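Each remark here refers to the structure printed beneath this line.
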Amino acid sequence: MARAMRAACLLALALAGSALAQSYPDKPIRIIVGPGPDALARVIGQQITQAWGQPVVIDQRGGGGGTISAEAVARAVPDGYTLLLATGTHTINPSMYKISYDMVRDFAPVTLLASTPFILAVHPSVPASSVGELIRLARSKPGALNYGSGGSGTPPHLATELFKTTAGIDIVHVPYKTVAAAITDLVAGRLQVMFTVGPAGLPQMRAGAIRGLAVSTAKRSAFAPELPTVAESGLPGFDVFGWNGLLAPAGTPAPVIAKLHDQIEKALQDREVRERIASFGFEPVGNTPEEFGKFVKADIARWAAVAKESGARVD
């Protein structure tokens, strides 16, 4: 019965797509967030409200490693009024969990909003001042170094597993419930290594509490221009990063997706918005729904390969 009702809804929306886009939005829009902070969703929501006069409700739904938020949007009515603030965790989840939805089939991409580099950092007591020195140290002492993350199945966890297999080293994962808890133990020396998200790691690096070795992105980051990339430090082709993007339920009329995309793209070009996003440690991106869809597919495939090769799993 539920599937029949959804099919009928999809047909009705397809037939009335253009008309719907003209009146859209005529009620509040909901952005479901989880995992991660909601700051970026609030910035975009404020811009939508200013442009269209409709409130944007931020609905925080943590838990389940992002599966709860994704499932809620996948099962929502595809009318443009329920959106998901997606992250790299959502494209990792198909390799980590048995999920009831498909990240490609059940979602309509809107745009990639922003990205942020990971910083490869060590405790100051670790005798390594470069990626090469860290690799040599880890190879000389297999299993002796511990690395932390904000939880199993998170992007920094899989990024470190990719680093391990690419560098041919053995370091031990210690998952935490939050990034903050992991960084606290890195600062205290209970952890030796960590790929930390830039916004969380930069203040500690600037204070000298941890030592930054490199950024994970293909190009150096404007947030820490003094740090080389992992790729230029001996692991060519290494390129991973955190990201946020917007997804709608599959079947959302194309004219509605286009209207959402165009308004958000306009917002991302605004100087004040870009400055606010940068203050969170993110770099504004913005791309087409088609480009974001290809990105999501590629990210799913990439993390599936990393999980298979490394044996990474949710503890």
Side-chain angles (χ1 to χ4, degrees), residues 1-36 38 40-62 64 66-87 90-91 93 99-114 244-268 286-297 300:
M1 180 66 71
R3 288 185 177 181
M5 291 179 64
R6 181 177 173 82
C9 181
L10 287 173
L11 178 60
L13 287 174
L15 294 173
S18 296
L20 181 63
Q22 290 178 4
S23 62
Y24 174 85
D26 59 7
K27 62 181 180 180
I29 296 171
R30 182 172 51 140
I31 301 178
I32 297 182
V33 179
D38 61 10
L40 189 55
R42 292 191 181 280
V43 170
I44 297 302
Q46 288 170 3
Q47 293 300 304
I48 291 174
T49 297
Q50 289 175 14
W52 292 342
Q54 290 293 341
V56 175
V57 178
I58 307 301
D59 186 349
Q60 189 85 44
R61 296 198 190 185
T67 59
I68 293 174
S69 60
E71 184 172 14
V73 175
R75 305 300 176 229
V77 176
D79 56 6
Y81 290 97
T82 303
L83 305 172
L84 173 68
L85 184 72
T87 73
H90 290 105
T91 48
N93 282 345
I99 55 181
S100 62
Y101 54 86
D102 185 289
M103 281 303 301
V104 175
R105 183 192 65 227
D106 292 332
F107 293 91
V110 179
T111 192
L112 179 62
L113 295 171
N244 279 174
L246 279 181
L247 297 172
T252 300
V256 171
I257 293 291
K259 191 170 184 178
L260 264 171
H261 169 269
D262 292 349
Q263 182 55 49
I264 292 169
E265 183 71 20
K266 183 178 179 181
L268 290 175
N287 59 4
T288 68
E290 294 75 20
E291 289 169 338
F292 186 36
K294 290 178 181 178
F295 172 86
V296 168
K297 288 181 182 179
I300 292 170

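FYI, the numbering just counts along the sequence from 1. From a predicted model like this one, the values you see are computed outputs, not experimental measurements.
- Between Val256 and Gly80, the closest heavy-atom pair is CG1-CA, 3.9 Å.
- We find the CZ-CG distance between Phe292 and Leu247 to be 4.5 Å, quoted to the nearest 0.5 Å.
- Looking only at atom types and distance, the side chain of Ser69 has a donor-acceptor partner in the side chain of His90 under 3.5 Å away.
- Residues Ala41 and Val33 share a closest heavy-atom pair of CB-CG2, 3.9 Å.
- Across Ala108 and Ile257, no two heavy atoms sit closer than the pair CB-CD1, 4.0 Å.
- Side-chain contact between Pro109 and Glu291 is absent, with no heavy atoms from C-beta onward closer than 4.5 Å.
- What you find for Gly251 and Pro78 is that their closest heavy atoms are C-CB, 3.6 Å.
- Judged by distance alone, with hydrogens and angles left aside, the side-chain atoms of Asn287 form a donor-acceptor pair with the main-chain N or O of Leu112 at under 3.5 Å.
- Side-chain contact between Ile58 and Arg30 is absent, with no heavy-atom pair separated by less than 4.5 Å.
- Looking at Glu265 and Thr111, their side chains never bring a donor and an acceptor atom within 3.5 Å of each other.
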Working for side-chain contact (heavy atoms from CB on, under 4.5 Å), residues Ile264 and Ile44: CA-CA 7 Å; Ile264 292 169; Ile44 297 302; 4.0 Å; yes
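- A distance of 10.5 Å separates CG of Leu84 from CZ of Arg61, quoted to the nearest 0.5 Å.
- A distance of 7.0 Å separates CD of Gln54 from OH of Tyr81, quoted to the nearest 0.5 Å.
- Separation of atoms CG (Leu246) and CD1 (Ile31) is listed at 5.5 Å; rounding is to 0.5 Å.
- Atoms CD1 and CE, from Ile300 and Met103 in turn, are 5.5 Å apart once rounded to the nearest 0.5 Å.
- Between the Thr252 side chain and the Ala248 main chain, no donor and acceptor come within less than 3.5 Å of each other.
- Using a 4.5 Å heavy-atom cutoff, the side chains of Val73 and Leu83 are not in contact.
- Taken to the nearest 0.5 Å, the CD atom of Glu71 stands 11.5 Å off from the CG atom of Asn93.
- You'll find the side chain of Thr91 reaches within 4.5 Å of the side chain of Val296, heavy atoms only.
- Relative to the six-membered ring of Tyr24, Lys259 misses at least one condition, a distance below 6.0 Å or an angle of at most 45° to the axis.
- Taking both residues in full, the closest heavy atoms of Ala21 and Pro255 are given as CB-CB, 3.4 Å, listed atom of the first, atom of the second, then distance.
- Applying side-chain contact (heavy atoms from CB on, under 4.5 Å) to Gln60 and the options Ile32, Asp38, Leu85 leaves one that passes, Asp38.
- Nearest heavy-atom pair, Ala70 versus Phe107, reported as atom, atom and distance to 0.1 Å: O-CZ, 3.3 Å.
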